[in-house]
Amino acid sequence: MIDLITLVRPNLNEMEISSIVERNNLQTNSSDGVVFYDNINTKNLAQQKGVYIRIETNQKLKVESSLHKYFNEITGNERSNYNLFSMSQAKRSIDHLLSERGIGIDNLRVYNYEIGLNLDVSKDCRSYLDKMKSLGSTGAEKLLYVNARYKDERMKTTVFHKYTRKYFKVYDKVFESMDRKRKDIPSHQILRIETVNRRLDNCFVTDFFSPDNLRKLIESFFRDWRTIQFEQDIITPKGTGRAKQHLCLEIMNKGKDAVLIQAKERHENGSLSDWEYRNIREFVAHEWDIMKKSIIFIQSDEEKEFRQLMKVNHTLLKNDDFIN
């Protein structure tokens, strides 16, 4: 669950700075003549296990790591986050990391964190992504947009900018791993969902990793992601062709006017033939209002599978031994 996490601690004293620098082989740097330390050039080496450490010019400590990847590495596996990762494992991971790096827990705070879940799906992840529309209760929906950073529309996120403290993302985990040229690529389809939380106020590590809070994090995560809205599939009258079914879905999702405008643009740029454009206009004008009365909405297979996987994983994670 808990993956990428950023920890901060202000006002280190000189003894603490010297100890952390020596323990973690931090490089000495300078900014306008003022010294700071980090391991930006070595954090991905085997001995650093992907843990980034920086001590700012104002003696503020910053530690950033994927607890999921870190846990897999310290337990003898690849530095990856493709498998299930429980809250008890996250707690073991943070305890080991702080001990290994010689970082005291007093006044150490969580500043950012991601909580995520891998869903082993049966189809190409695009099948699910294409149908996902929004998260949130009725009237307070947050739309999911294609993230242009990744090609082939393999990631969607809600709006995020520098003032956003919480946002959601869903993406094709295998595609992301290939895009980043990772060595260890899963052989099965993984749809990953994540909730990103940023700029927490005075959230101490001891409180964050308490059993009560870990339980709340699990419930909050699943409560949010249960509100996801998928495009529905439809059952049309017998004899309706596939192209006309697709057109019906387009009209329901975008509206008649938007579909006509899009068709006109495609006709003008040559991607839609004269007869295709004419058929669309005639269907919208003369058939749609009659046919829509016979259309039956149904939950898509993708949505059914998604919600079933959510249910199974919620049962596994809420019964984790961190509660005992």
Side-chain angles (χ1 to χ4, degrees), residues 3-4 40 43-44 50 52 64 66 68-69 72 78-83 85 112-136 141-164 166-198 224-225 228-233 242-243 246-247 249-250 253-254 258-259 261-272 276 300-303 305-306 309-310:
D3 195 21
L4 187 64
I40 188 67
K43 74 182 184 72
N44 288 320
Y52 173 62
E64 190 170 85
S66 163
H68 192 165
K69 293 178 182 178
N72 278 335
E78 294 288 336
R79 188 187 300 171
S80 64
N81 60 347
Y82 306 138
N83 56 332
F85 187 55
N112 304 320
Y113 72 95
E114 295 177 355
I115 180 167
L117 179 66
N118 296 320
L119 301 175
D120 295 340
V121 293
S122 63
K123 300 180 182 179
D124 188 314
C125 289
R126 270 294 300 269
S127 299
Y128 308 84
L129 287 162
D130 288 348
K131 291 180 181 293
M132 292 176 167
K133 299 193 299 182
S134 65
L135 280 93
E141 299 93 339
K142 295 183 178 181
L143 296 178
L144 284 164
Y145 300 95
V146 172
N147 188 327
R149 177 181 174 185
Y150 294 95
K151 61 184 180 180
D152 200 27
E153 301 182 7
R154 294 282 172 171
M155 174 184 282
K156 281 186 172 181
T157 71
T158 55
V159 169
F160 64 94
H161 48 73
K162 65 179 181 179
Y163 298 114
T164 303
K166 180 178 180 179
Y167 67 94
F168 305 92
K169 58 182 177 180
V170 52
Y171 57 95
D172 183 336
K173 185 64 181 173
V174 177
F175 183 87
E176 182 233 22
S177 300
M178 295 172 63
D179 188 65
R180 296 189 177 186
K181 296 180 171 58
R182 300 253 165 81
K183 293 180 180 179
D184 182 25
I185 305 296
S187 58
H188 59 288
Q189 301 290 341
I190 301 175
L191 184 71
R192 183 166 176 84
I193 57 176
E194 291 180 354
T195 303
V196 181
N197 295 269
R198 305 189 295 185
D224 285 335
W225 280 97
I228 192 167
Q229 295 296 314
F230 282 73
E231 291 181 0
Q232 291 183 300
D233 281 350
R242 186 170 298 177
H246 178 73
L247 183 55
L249 281 170
E250 287 280 290
N253 290 324
K254 300 175 182 178
V259 168
I261 291 171
Q262 184 181 53
K264 182 179 180 182
E265 291 173 349
R266 292 180 60 202
H267 180 249
E268 289 175 348
N269 66 29
S271 62
L272 202 65
E276 288 173 323
S300 68
D301 291 339
E302 290 81 4
E303 181 177 0
E305 183 181 0
F306 178 90
L309 289 171
M310 287 277 288

Looking at [Y], is its backbone amide N or carbonyl O close enough to the side chain of [X] to form a donor-acceptor pair, meaning the two atoms are under 3.5 Å apart?
X      : Y      : answer
Lys123 : Glu302 : no
Arg266 : Ile261 : no
Arg198 : Thr164 : yes
Ser300 : Gln232 : no
Asn118 : Arg192 : no

Quiz prompt | Heavy-atom side-chain proximity of Gln262 to Glu250 below 4.5 angstrom | solution =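 Counting from C-beta outward, Gln262 and Glu250 do come under 4.5 Å.
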Check this for me, if you would: do [X] and [Y] make a salt bridge, where the nitrogen-to-carboxylate-oxygen distance has to be below 4.0 angstrom?
X      : Y      : answer
Lys156 : Asp172 : no
Arg154 : Asp124 : yes
Asp233 : Lys131 : yes
Arg126 : Asp152 : yes

Quiz item: Do Glu303 and Tyr128 have side-chain N/O donor and acceptor atoms under 3.5 Å apart?
Solution: no
Practice problem: Tell me yes or no: between the side chains of Ser177 and Tyr82, is some donor less than 3.5 Å from an acceptor? | Solution: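 Checked: Ser177/Tyr82 side chains pair up, N/O donor to acceptor below 3.5 Å.
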Quiz item: Can you say whether the rings of Trp225 and Phe306 are parallel (under 30°), tilted (30 to 60°) or perpendicular (over 60°)?
Solution: tilted
